[in-house]
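Worksheet for the structure shown next.
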4 protein chains.
Amino acid sequence: MPYRSSSKTRQKKDTKRTTMMQAAIRVFAEKGYHAATIRDIVAASDVAIGTFYFYFPDKETLFVHLYDETAEFLLQAIRQAMAPRSNFSRQLQAGLQAYVNIAVYEPAVIQLLLVGGIGATPSLNKSQSSYRERLTAMWQQVIESAMETGQIISQNGRRTAEGFAGAFDEIILNLITHPNPEGQAAAAINEMIQFGLRAAGFTGN
Amino acid sequence: MPYRSSSKTRQKKDTKRTTMMQAAIRVFAEKGYHAATIRDIVAASDVAIGTFYFYFPDKETLFVHLYDETAEFLLQAIRQAMAPRSNFSRQLQAGLQAYVNIAVYEPAVIQLLLVGGIGATPSLNKSQSSYRERLTAMWQQVIESAMETGQIISQNGRRTAEGFAGAFDEIILNLITHPNPEGQAAAAINEMIQFGLRAAGFTGN
Amino acid sequence: MPYRSSSKTRQKKDTKRTTMMQAAIRVFAEKGYHAATIRDIVAASDVAIGTFYFYFPDKETLFVHLYDETAEFLLQAIRQAMAPRSNFSRQLQAGLQAYVNIAVYEPAVIQLLLVGGIGATPSLNKSQSSYRERLTAMWQQVIESAMETGQIISQNGRRTAEGFAGAFDEIILNLITHPNPEGQAAAAINEMIQFGLRAAGFTGN
Amino acid sequence: MPYRSSSKTRQKKDTKRTTMMQAAIRVFAEKGYHAATIRDIVAASDVAIGTFYFYFPDKETLFVHLYDETAEFLLQAIRQAMAPRSNFSRQLQAGLQAYVNIAVYEPAVIQLLLVGGIGATPSLNKSQSSYRERLTAMWQQVIESAMETGQIISQNGRRTAEGFAGAFDEIILNLITHPNPEGQAAAAINEMIQFGLRAAGFTGN
DNA sequence: TATGAATGAGAATTCATTCAT
DNA sequence: TATGAATGAATTCTCATTCAT
């Protein structure tokens, strides 16, 4: 009886693929692109080297893919948290809440995007600037909406957005470096909100 | 009695050493730690590989040393610019002016600190967090002084300082990526000042 | 009593086996032994990798087997074409006709024997020298028969046979490299016959 | 005192380079391109792996280079031997004498060209057909000269040249496979000359 | 019979570092 | 001091082969 490439088999393969990708994210986040070897990744997945190349074309492609996927995931999470809010203050609160949540419970996501990938490989450059650009664009949109509705003072929305992107990332990196991130999360979120409201010149309307 | 190089010899040696270090900074800044090879560095210095190892113990040590030195240089430059000012607004202006000046005219300094070194090698971690820490501490001191004198509202100075560090770096990175950084510098500085004043809750007194 | 596949089953198996072998010949002829992978072969046969190893022990054994079989096929074809002729000139004509026919319509046969297998694997050496030996022996027999009957001048039949083997192969390789082998075939055959008659010192009797 | 990249040093380097190339030719000739590993080559040269890459860019480039150089050497040797002769018979004698000499005393040359490189790597194809082409062209020129001066009968010179190229190579391969090539060389040369004169329809004028 | 996921030995190549001159 | 030839550990990736299903 011929072997059936049934949905069961395929599902198993997909599961393994996902498992390996998660292991790879962890390894890349922890060691950075260069220090992370294929051996590290397969060891973390408990498979043989050949298995890596059965599932992925090569180290570089996988890394760029993980980076892109992770960036998209993070941006989506923040965007979706902000979407239902119309008030600038509430948007900021929701977005930062989502951001910090991920940072605290999935620190590998932040490490991959902010640390693991820097200077990794030329082919990552595009992904990397695309991520910074989209992150900035996201804040810029929020800021310009708020400007139009008079919630914040008139300003160069692009520049403020860059400031937001940099400031929040730095605060979050400091947060997850802290011995007890979860305990600090609530305070950090509040202070980030205050920082953002002030920096954007929130008028309270 | 141990052999002592005459002062003339020592000076010559120091000169060559300095030349090589400057070449190394350029190469590291341009390619990043991993992609930069010793061959690249000696080629840029127009010496042989062996000469590199006469002046420096190894690639890693040199890099960490350059990083530390560069970080110190940048921090000193900003600190010194702010020192004579007592008003928060003026301090901000002077500090950012100095920062942007360096970014525009010595972009390698910024690239080395913000890009070339991330994820380079474990032994850099200490230097790196030390630099972020001192940068943040610098802003924190400015902020807390201003708080004490009532120039800005009461806040968690540490957190605002982290925000400053991240925000200004991000804006500066965007600036030097711009095709014509010099042309944008003045506007960028002004907007950074405004951003900082707002974010710190500057009351104008 | 050991399990015996029914004749129907065995036939089906043989068919599949044959199909795979033909695909393998094509792939080996096209890419050469080393560049041809098992994946290439199973892709050309539209089966899975495991199936390959059900029918054949390994790549090397299959290749040697295919080489031997192909060599035997080619030698038989030429021999059979020459068998009914007794005159040297007619024999040459018939043999070369058959040889060129195969070269033009089954180029994979020639490519496998003359190109794909050279330097393939140590275990092929025996097959390879056996083929060259039998090819030479075939011509030698024809030549020595003709010598005995005074159709050609006295000579070292072995050496002339080697010359025949090399010369005809080279001409045929050039022929199938030509953009339009079929169009050139007739002329090539005639010229090969003339070459052979002259080289053997055909006296016309 | 600075190290002098004197002619002595450079000469030593050139010598080593040449030594390594000769070792590489032997290894490639014996095992063929694929079976020959870099480890084999450096072992034959008694140096470390890194040394190989200090002298040569990579395996493929070296092989193609060696092939081209060897082909050129062989062609030149045969051409130069034939150059001073004007009579077809004498040319053949001189050329084959040179060819067999090389085959017997430098069998690696012949093995590299006729065996070691077949199916080696796509980038060799050009070199390989170029060699076969130039070898054939060399014989063709000799043949057409002789035709013009009426020394041999009228014929398709190109086709005869292909026959020569193939026939002589085959005979020479058989010769060097023989247990005592040197002992057979003289007879082989004579018989090759006779074969060639007959095949070209030498009229004796 | 048939499948294809999984394996791991082995190959090429890079590059920081050493050391005789 | 200065040189650059030489080294070899370490890394990525390929592909023939196995085996549970």
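To find a chain, count down the sequence lines: A is the first, B the second, and so on, and within it residues start at 1. None of the values given here were measured: they were computed from a predicted structure.
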F:dT21 and E:dT1, which share atom name C1', separated by this distance in whole Å: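 So the two C1' atoms sit 12 Å from each other.
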Mind listing the closest non-hydrogen atom pair of A:Leu66 and A:Met21 along with its distance?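 In terms of heavy atoms, the two residues are closest at CD2-CE, 3.6 Å.
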Would you tell me if any nitrogen or oxygen in the side chain of A:Lys16 comes within less than 4.0 Å of OP1 or OP2 on E:dA6?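 A:Lys16 to E:dA6 OP1/OP2: side-chain N or O found under 4.0 Å.
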Can you find a side chain N or O atom of C:Tyr53 that sits less than 4.0 Å from OP1 or OP2 on F:dT18?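 So the side chain of C:Tyr53 is outside the cut-off, no N or O lying under 4.0 Å from OP1 or OP2 of F:dT18.
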Pairs counted as Watson-Crick or G-U wobble with both distances under 3.5 Å: what dot-bracket string results for DNA chain F, using | for bases tied to another strand? .||||||||||||||||||||
Any donor-acceptor pair under 3.5 Å from [X] side chain to [Y] backbone:
X	Y	value
C:Asp68	C:His65	no
A:Lys31	A:Arg26	no
A:Thr121	A:Leu124	no

Return the value, rounded to whole Å, for the distance between atom [atom1] of [X] and atom [atom2] of [N].
X	N	atom1	atom2	value
D:Phe52	E:dT14	CZ	C1'	14 Å
B:Phe56	F:dT1	CZ	P	13 Å
C:Asp46	E:dT3	CG	C1'	13 Å
D:Lys13	E:dT21	NZ	P	18 Å
D:Tyr55	F:dT7	OH	P	9 Å
A:Phe54	E:dT3	CZ	P	15 Å
A:Arg10	E:dT3	CZ	P	15 Å

Are side-chain heavy atoms of [X] and [Y] found at a separation under 4.5 Å?
X	Y	value
A:Phe52	A:Ile41	yes
B:Ile118	B:Tyr33	no
B:Leu113	B:Leu74	yes

Return the 5'-most residue of the pair A:Lys12, A:Gly50 with respect to DNA chain F, ranking by each residue's nearest nucleotide.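 Closer to the 5' end of DNA chain F: A:Gly50.
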For D:Thr51 and C:Glu60, take the nucleotide of DNA chain F holding the closest heavy atom to each; which residue's nucleotide lies nearer the 5' end?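 It is D:Thr51, whose closest nucleotide lies nearer the 5' terminus.
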Any idea which of [options] is nearest the [X] side chain?
X	options	result
D:Ile49	F:dT1, E:dT13, F:dA16	E:dT13
A:Ala48	F:dA6, E:dA2, E:dG8	E:dG8
D:Lys59	E:dA12, E:dG4, E:dT7	E:dA12
B:Asp58	E:dT13, F:dA5, E:dT17	E:dT17

Positions of residues 31-41 of chain B (non-hydrogen atom under 4.0 Å from DNA chain F), listed by number: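 Nothing qualifies; none.
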Establish, yes or no, whether the cationic atom of C:Lys16 lies under 6.0 Å from the six-membered ring centre of C:Phe54 and within 45° of the ring axis.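 Not flagged: C:Lys16 not positioned over aromatic ring of C:Phe54.
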Residue pair A:Thr15, A:Thr18: steps toward the side chain to side chain contact (heavy atoms under 4.5 Å, CB included) verdict: CA-CA 5 Å; A:Thr15 303; A:Thr18 306; 5.8 Å; no
For B:Glu106, look at atom CD and say whether over 12 heavy atoms of other residues, nucleotides or ligands are found less than 6.0 Å away.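 No, because the 6.0 Å sphere around CD of B:Glu106 holds 12 heavy atoms or fewer from other groups.
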